[in-house]
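Beneath this line is the structure, given in C-alpha cells, with notes to follow.
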Amino acid sequence: MIGNLREWLAAHNVLAVSSNVIPNSGGAGWPLLVVVAVMCFLASVALGITLTVSNVAKEWSADLAGVITVQVKPRPDVDGEEQMQTTLRILRETPGIAAATPVSSRSAAELLEPWLGGVELPDDIAVPQLVDVRLDSVMQPDLEALRLRLEGSVPGIEVDDHFRWKSRLAAFAGSLLGLAIAALLLIVGAAVAIIVFATRAAMEANRGVIEVLHLIGARDTFIAGEFQAQFLWVGLRAGAVGAAAAAILLMVLTVFAGGRGEFFLPGLGVTWFTYPTLFLVPILAAGVAFATARATALSVLARIL
Amino acid sequence: MILLGLGRPRGMSLTYLICLTITVFARRSFLMVRFENVGMRYGMGPEVLRDISFELRQGSISFLSGPSGAGKSSLLKLIYMANRPSRGLITMFGSDISTLEREEMPPIRRRIGVVFQEFRLLDHLTALENVCLPLRITGAPEENYEHDVKELLTWVGLGNRMNAVPPTLSGGEKQRVAIARAVVAQPDVLLADEPTGNVDPDMGMKLLRLFKELNRMGTTILIATHDMSLVEQTQNAAHLHIEEGQLSVLRKAGGAMS
C-alpha cells in the first residue's frame, strides 16, 4: 500500500519521491526509525490521555451540571416527614425543576457504606434525608431564590449545587489536560530536534553526493526533496508502529485497570473514538518529519556554494 | 551607437558600420567563457592562479596542459563554478558569475558537462543511473531518455555493464561512465580533466573521436591533459599551457586566444 502511495505521489509530482539518488543511510536509517517510533508511542499515549481526561471531565461535568442535592437534617423539634413534604412541595412548585425524588433510606445507607461498612445503623443515629433534584435542561431555576425560600420554610435544610466539587474537578481535569498537552508538545519538539540532527547527519554523510548533484545543475529543492522524501517515510512508518503500540497499551489498560467506574469515580473513559484518533499520529509524524527535513536541508544547502 | 558616438571616419559607409556592430555583438554572443585578470587562492594561501585571461568561443576545442599542481584543475573548477575567483571577472554564456543569484546557477551548470579527474560517480547507483542523473534532475520522464542513455553506454563499450555499480567497475570503465554522464545532456561546454588518463590508447582515441564529434555539433570543449598525443592529433585545437598559476597560449587555433 505504501509502495502504491509512493508511486502515486511520484506520478503526480507531489514529492520528489523515489528516488535513491541519496543513499538511504547516515541519518535516516533504522536507529532513527526506532527513536521516532518511541517518540510516536509516547505522543500517542499522551494524546490518548488527553482525550481520555477530556472525555472524563466532560462526563463528570455533564453528570453534575443538571443536578442539585437537598439535604434535610433531622431536628428534635420538627417532624421529619413534615420537613420532607414541605421541601418536596416547594421544589415541585418551582419553575425549572424537572424532578425532585427523595433518596430512600436504603440508598442513603449504601452511600455511607464505603465509610461505615455494611453494618446496620442504630435507630438513634439521625441520618439526614436527601432529595435528588433534576433541573430542567432548558429553563434553569434561580437557585439562590430557591435556597432562600427553602431555608425560610424548612428549618435545618441545606442546598448543595455541587459548585465546590465541580470547580475542583474542573481544576483537576484542566491540570491533567495541560500536563498531557505539554507532554505532547515536548515530544513533538524533541522529535523535531532529532530530525534536524538526523537530517544534518545524513547531509554530512552524503556531502560528496550533494556536491556532485550541485555541480551537474540540481536545484536545492531537488536535493532537499530527496531528504524530505526519506524522512517522510520514516515518520509515516515510525508513527504507525508507535500509534499501534500505544493503542494496544490503552486497550490493555482499559480492560485491566479502568474499564469500569469505581465508587463515585467514573471509568477510565477510553472510548472507541480514541483509537482512530491515535492514527493521526503517523500523519502528524510524517508531516513534522517532512517539513523539518526540508527546512533543515534547504538551510544547509544555502550555505554551500 | 558607441562607434557612431565616437565619430565616423571619413569614407566609412553606414552599411559597413552596421556590419561591424553586428559582428562585434555576434562575436560577443558566441563567447561561452571569458576570464579577465582572474586570480584565485584557497583560503589565506598564496594565489594558485594569477592574472588569467582567455576566452572560449562557441564551437572551439582547446587543450589545457601543464605539470601536476600547476592549476589546471583549479582553473576548471572556476569554470564549472565549484569555486569563486579571488579577483577578476568570469563571464559564462554572457553572465558575470560573481553577480549571479544562487537560484540562477543551476541553469548555467546544466549547460556545462564535466568529466572529473576522480570521476565522482555515485557509488550506490548503477552505471545507467549515474549517466541518467543529469537528465533526471531536470524532471524529464525516464522513458524519454532511457533508450538514448543505453545507446550512449553501448557506444562507449559499457553495453554489458549498465547495471554494475561503480565499485565493481575498472578505472577505465568508470572513466567512460563519467564521460557518458558529462555528455548525455548535450552540454554547450564540456570540460574534461584528464579524460583519457585511465583508458588504453585505443579507447583514448575512441573517446577523443567522441569529443571531436561533439565539438563538430557545436559543443565547446576544454580538455585538461598530460597526454600530448591528444593535442598533436587535434590540429584545429588551441593549446593553452599553465605553469605556476600563469596561463600562456602555445597554439592559437579554433578560437581560443589569450
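Lettering of chains follows the sequences in order, A, B, ..., and the numbering in each one begins at 1.
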**Message:** Ignoring hydrogens and geometry beyond distance, is a side-chain donor-acceptor pair present between B:Ser98 and B:Asp96 at under 3.5 Å?
**Reply:** yes

**Prompt:** Any chance the side chains of B:Asp193 and B:Ser73 put a donor and an acceptor closer than 3.5 Å?
**Reply:** yes

**Message:** Can you tell me which portion of B:Arg111 sits under 4.5 Å from chain A's heavy atoms? Options are side chain, backbone, both or neither.
**Reply:** neither

**Message:** If I measure from the heavy atoms of chain A, does B:Leu133 come under 4.5 Å with its side chain, its backbone, both, or neither?
**Reply:** both

**Request:** Could you grab the distance from atom CG of B:Leu76 to atom CG of B:Asn83, nearest 0.5 Å is fine?
**Result:** 11.5 Å

**Top of B:Arg110, B:Glu129, B:Arg181, B:His124 for chain A proximity - count of heavy-atom pairs under 4.5 angstrom** =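 That would be B:His124.
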
**Asked** With a 6.0 Å cut-off on ring centres, are B:Tyr80 and B:Phe116 close enough?
**Response** yes

